[in-house]
2 protein chains.
Amino acid sequence: MPAASKLCEQAVQELFTQVHLRFTRQRYAIYHALASVHSHPTVDELFQMLAQANHDISLATVYNTLEALVKSGLVRKLSDGGTSARYDATVDDHLHVRDKNTGTVADVPADLGQRLLKTLPNEVLKQIEIELGFKINHVEIELVGEYASSKTHVA
Amino acid sequence: MPAASKLCEQAVQELFTQVHLRFTRQRYAIYHALASVHSHPTVDELFQMLAQANHDISLATVYNTLEALVKSGLVRKLSDGGTSARYDATVDDHLHVRDKNTGTVADVPADLGQRLLKTLPNEVLKQIEIELGFKINHVEIELVGEYASSKTHVA
DNA sequence: TTTCCTGCAAAAGCTTTGCAAGTAC
DNA sequence: GTACTTGCAAAGCTTTTGCAGGAAA
């Protein structure tokens with residue numbers, strides 16, 4: 001499993017080579033930023049982060065690169081509840097928590113997440129694949145709700 | 001649980017009253033269309049459906065109404081993998097299957113879905129709520145993959 | 001050298017909004 | 001009668017695209 005454990009240029013370069021992606025300064029910056037951060041940023045948030053870190057990069061490149069990373073399977077595209085997409089450099093199955101009020105997405109601590117994921121009965125998933133003629137690539141679980149403290153603007 | 005089992009005007013009107021939504025011809029048409037259909041349409045798909053059924057309605061109203069329905073909890077907003085949102089009139093927890101290639105979302109047959117959902121251990125969910133200070137409103141599970149027959153345009 | 005990537009700016013989609021007229025309550 | 005909805009068109013977002021110059025392999 002190609003986890004983002006080592007983020008030095010060399011490691012990322014190898015990762016890219018494995019999936020036949022050219023290694024560029026911009027792609028490294030984007031992947032590195034995404035893998036270093038625990039939130040699941042939108043394109044624009046990522047763009048801001050990179051801009052502030054003095055990386056000179058264009059918004060279109062962020063879009064293009066993320067699409068390329070998703071296609072290679074190095075990054076996953078998530079739904080935020082709202083208008084724009086969010087991205088996640090962790091591609092193993094894991095749990096997300098989504099705040100209804102803000103759209104932000106956070107990870108559930110690995111141990112708890114695993115406990116929940118491991119309970120999913122494989123034979124049921126297999127049966128779904130057979131009944132629907134559908135190949136499951138991964139399972140996405142989101143706990144939707146709100147933080148106790150975020151009881152702000154609810155209509 | 002306010003399920004969309006009876007869709008006559010009266011039933012929907014009651015439903016709306018319960019959640020303090022004014023009952024209008026357009027809102028009825030939108031909710032009825034959404035609840036009658038098994039796919040999980042995008043705003044535009046819904047708008048097309050209504051237009052073809054001779055309902056005279058504006059796109060903005062579809063957006064406004066869906067937002068109102070989501071706020072009242074009568075409808076759920078889903079992520080399609082792509083650019084536009086999808087909507088679902090079934091608010092009980094249930095499983096979705098999302099086709100990577102087309103973005104379409106379908107339901108997993110209720111019996112299979114329930115088998116999977118019932119395995120989720122409540123005590124783990126509770127613990128997540130406590131550890132994160134997060135109130136879980138509902139659980140969203142998506143099986144992402146592709147139909148055996150939809151092996152079309154994959155790069 | 002060849003092929004792909006980047007950046008810009010322009011275009012295309014999706015969603016929201018202001019406002020006047022209409023409708024539920 | 002009052003407050004909320006509708007519909008239109010315009011504005012605001014997010015995302016994609018064409019193309020010329022630049023960089024990786």
Side-chain angles (χ1 to χ4, degrees), chain A residues 9-10 12-31 33 40-48 50-51 54-72 74-75 77-87 102-103 153 155, chain B residues 9-10 12-31 33 40-48 50-51 54-72 74-75 77-87 102-103 153 155:
Chain A
E9 265 192 51
Q10 211 181 51
V12 175
Q13 182 154 18
E14 270 176 35
L15 213 52
F16 281 20
T17 306
Q18 278 173 35
V19 297
H20 308 292
L21 269 188
R22 287 199 180 173
F23 183 81
T24 69
R25 188 172 52 75
Q26 292 89 338
R27 287 179 173 187
Y28 173 66
I30 292 168
Y31 183 72
H40 300 291
T42 62
V43 170
D44 199 60
E45 286 166 359
L46 208 39
F47 178 63
Q48 301 298 338
L50 293 166
N54 285 331
H55 291 94
D56 203 353
I57 205 169
S58 102
L59 186 56
T61 299
V62 179
Y63 275 104
N64 291 335
T65 297
L66 285 172
E67 191 194 354
L69 289 168
V70 169
K71 267 193 189 158
S72 342
L74 252 38
V75 160
K77 185 176 190 175
L78 312 172
S79 41
D80 93 342
T83 306
S84 39
R86 291 180 176 278
Y87 293 85
T102 63
H153 47 78
Chain B
E9 265 192 51
Q10 210 181 53
V12 175
Q13 182 154 18
E14 270 176 35
L15 213 51
F16 281 19
T17 305
Q18 279 173 36
V19 298
H20 308 292
L21 268 189
R22 289 201 178 172
F23 183 80
T24 69
R25 189 172 52 74
Q26 293 88 339
R27 288 179 172 187
Y28 172 66
I30 291 169
Y31 183 74
H40 300 291
T42 62
V43 171
D44 199 60
E45 285 165 359
L46 208 39
F47 178 63
Q48 300 298 338
L50 293 167
N54 285 331
H55 291 95
D56 204 353
I57 206 169
S58 101
L59 186 55
T61 299
V62 180
Y63 275 103
N64 290 335
T65 296
L66 286 172
E67 191 194 354
L69 289 168
V70 169
K71 267 192 188 157
S72 341
L74 253 38
V75 159
K77 186 175 188 175
L78 312 171
S79 40
D80 94 342
T83 306
S84 40
R86 291 181 176 277
Y87 293 86
T102 64
H153 47 78

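Quick note on labels: first sequence line is chain A, next is B, and so on, each numbered from 1. Only this structure's heavy atoms are used, side chains among them; waters, hydrogens and symmetry mates stay out.
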A:R25 CZ to A:E9 CD distance, which is reported to the nearest 0.5 Å: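 These two atoms lie 10.5 Å from each other.
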Where B:F47 and B:I57 come nearest, the two heavy atoms and their spacing: CE1-O, 3.3 Å
Nearest non-hydrogen partners of A:Q13 and A:F23, listed with the distance: CA-CD1, 3.6 Å
Length of the line joining [X]:[atom1] and [N]:[atom2], which is rounded to integer Å:
| X | N | atom1 | atom2 | answer |
| --- | --- | --- | --- | --- |
| A:I57 | C:dT6 | CD1 | C1' | 9 Å |
| B:L66 | C:dT17 | CG | P | 15 Å |
| A:Y28 | C:dT6 | OH | P | 16 Å |
| A:K77 | D:dT14 | NZ | P | 14 Å |
| A:N64 | D:dG18 | CG | P | 12 Å |
| A:Q48 | D:dT14 | CD | C1' | 14 Å |
| B:I30 | D:dT6 | CD1 | P | 7 Å |
| B:E67 | C:dT16 | CD | C1' | 9 Å |

Nearest-nucleotide 5' precedence on DNA chain D, B:R22 against B:V62: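 First, find each residue's nearest nucleotide; the 5'-ward one identifies B:R22.
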Along DNA chain D (nearest heavy atom to each residue), the more 5'-positioned of B:H20 and B:A60: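 By nearest-heavy-atom nucleotide position, the 5'-most residue is B:H20.
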Touch class at under 4.0 angstrom, heavy-atom based, for A:A85 against every strand present: sugar-phosphate
Check: A:G103 main-chain N/O paired with A:R86 side-chain donor or acceptor under 3.5 Å: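 Yes; judged by distance alone, with no hydrogens or angles, the pair exists.
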B:Y31 and B:F16 aromatic ring geometry - parallel, tilted or perpendicular at 30°/60° bounds: perpendicular
Does [N] have its OP1 or OP2 closer than 4.0 Å to a side-chain nitrogen or oxygen of [X]?
| X | N | answer |
| --- | --- | --- |
| B:T24 | C:dA24 | no |
| B:Q13 | C:dA24 | no |
| B:Q26 | C:dT23 | no |

Residue whose closest nucleotide on DNA chain C lies nearer the 5' end, A:T83 versus B:T17: A:T83
Side-chain donor/acceptor contact of B:R27 with base of D:dT5 under 3.5 Å: no
Proximal nucleotide (of C:dC25, C:dC14, C:dG7) relative to the B:Y63 side chain: C:dC14
